[in-house]
Amino acid sequence: MYILLLGRTMTHLDDGRLRALLDEELSDADYGAVRIHLAECETCRTRMTKLEERGALVTQALGRLITAAPTEGARTAVLERLGSLPNGKRVGPDLPVAAVKRPRVKSRMRVLGMPLARAAILVLLLGAGLATALPASPVRGWIAAGWALAADLFDTQDNAVTPLGPPEEAAVPISDGSVGAQDGTLPGVRRDAAGEGVTIELREISPGSLIVVRLEPGGEAGAFAGLPATFGIAEGRLEVTGASNFVFVNLPLEAAAASVEVNGGTYLSWVGGSLEVLGPVVARTPEEIQLRVP
Amino acid sequence: MNFELTFGEQYPGLFRYCHSLTGDPDLADDLAQETFVRLYDRRVGGTDEGLRAWLFRTATHLVRDEHRAGESHRRLLEAHPVRPEGSEPPDEAVQRRERVVPVREALGHLTEREREILLMRHGGFSYREIADAVGVAPSSVGTLLARAERNFVNVYIAPGENYDTSR
């Protein structure tokens with residue numbers, strides 16, 4: 001706040017201070033000084049009048065923007081997403097997941113609520129020391145430890161899931177990059193229940209881990225994480241931090257390229273419809289592939 | 001924190017803010033809902049004023065994410081009515097659209113921060129709330145607001161209205 005009264009020299013009030021006066025946002029001390037100045041300064045009084053007129057015009061114009069009311073189902077939608085509808089679903093504050101839905105944005109990341117039935121295609125078991133181990137263990141270290149493979153993603157016997165699409169559409173080749181891989185096939189790895197992509201489950205995530213999902217145009221990727229996870233979304237990039245237990249990542253089949261990184265290292269990449277799994281395989285079952293990082 | 005009370009008090013304003021910023025009522029609903037989900041997901045607490053500031057700050061960030069993706073910005077400038085207006089006659093809908101377009105075009109010429117400050121202030125927010133939500137000093141809000149209004153009026157031409165933008 002500057003009002004300089006030096007002899008007969010006076011510094012005019014700036015627009016910000018005049019605006020604050022009109023908005024009744026000046027402090028008591030400033031208010032008095034500004035009022036004194038205005039009483040003596042015709043120039044500032046005129047400017048304040050113009051500011052007031054301009055503000056009224058803006059208010060009138062902005063009032064035209066609201067063309068719709070919130071949907072009546074907004075409250076229900078929020079409750080559903082929080083998993084706390086009283087109609088038999090779980091109620092209470094300790095909700096198990098952070099779910100963010102962006103259904104209208106195409107060809108970029110979205111975070112979505114994903115039923116557990118759709119989960120678990122690949123399981124990455126991340127050791128407790130991962131956060132500190134990874135910076136010294138670049139991707140090539142994992143590769144040296146043994147490139148793993150995934151496999152015939154859609155050869156599932158699980159009848160509980162949504163019926164699969166035509167075989168020719170479902171057959172997604174997976175390259176393992178390893179020596180001695182069994183033709184890139186491993187029975188039992190399956191696509192998610194909705195048949196829209198591949199779901200990766202990351203468990204035993206070390207505190208402070210950063211999971212980054214990158215996606216080139218094509219479809220929508222998603223993540224589903226336990227509390228107190230936070231999500232960051234940018235064009236072609238989704239970040240999950242602070243997950244305390246698990247993160248599910250869903251990659252779309254139609255993506256040109258996608259990858260899943262943990263603390264700067266790439267665990268999985270999806271290029272041209274092929275899934276490449278990096279990291280030592282510690283277990284293979286008909287239901288999943290498990291990777292463990294030292 | 002009482003969900004029903006908080007939702008009833010804050011959701012309409014949050015929706016209007018998102019609607020004004022995005023120009024898309026459906027997207028505004030998505031973003032306002034997302035903000036509320038995060039509120040409960042992250043167990044945000046505090047005073048009513050702090051809660052309101054958190055809600056609008058979070059919504060602001062979500063809208064910014066959308067703008068950066070380019071999709072919302074395109075929507076903002078197009079100003080298309082996404083939602084059916086029920087019994088509104090078609091000619092009235094056209095007139096309403098015509099009134100909205102120049103407003104959105106003028107907003108489209110503002111910076112992201114100018115838009116947010118302008119809409120929040122004209123949505124009834126205090127300077128402190130605006131400062132908290134947008135991430136500026138409270139003492140600078142008046143200056144930023146005055147500048148945003150000037151830049152808005154310099155572009156905005158209201159149908160049937162005359163205003164000397166040199167003022």
Nearest atoms (heavy-atom pairs only) where A/Leu51 meets B/Ala146: CD2-CB, 4.4 Å
Atom pair CZ (A/Arg19) and CG (B/Leu144), whose distance is rounded to the nearest 0.5 Å: 13.0 Å
Segment of B/Arg121 engaging chain A (4.5 angstrom heavy-atom cut-off): side chain
Heavy atoms of other groups near B/Arg57 CZ, more than 12 under 6.0 Å: yes
Greatest number of heavy atom pairs closer than 4.5 Å to chain B - which of A/Leu21, A/Leu62, A/Asp15, A/Leu26: A/Leu62
Note, A/Asp23 side chain near B/Val141 side chain (heavy atom, < 4.5 Å): no
Spacing of CD belonging to B/Glu149 relative to CD belonging to A/Glu53, to within rounding of 0.5 Å: 12.5 Å
Minimum-distance pair of heavy atoms, taken over all atoms of B/Gln33 and A/Ala77: OE1-CB, 3.3 Å
Nearest non-hydrogen partners of A/Ala74 and B/Phe7, listed with the distance: C-CZ, 3.8 Å
Side chain, backbone, both or neither of B/Leu118 within contact of chain A (heavy atoms, under 4.5 Å): both
Residues that A/Asp14 engages under salt bridge (charged side-chain N to carboxylate O under 4.0 Å, His left out), provided they are two or more places apart: A/Arg17
Minimal non-hydrogen separation, A/Gly55 against B/His122, with atom names: O-CE1, 3.5 Å
Residues that B/Tyr127 engages under ring pair (Phe, Tyr, Trp, His ring centres under 6.0 Å), provided they are two or more places apart: none
Member of B/Ser139, B/Pro138, B/Ser126 meeting the side-chain contact (heavy atoms from CB on, under 4.5 Å) criterion with A/Glu25: B/Ser126
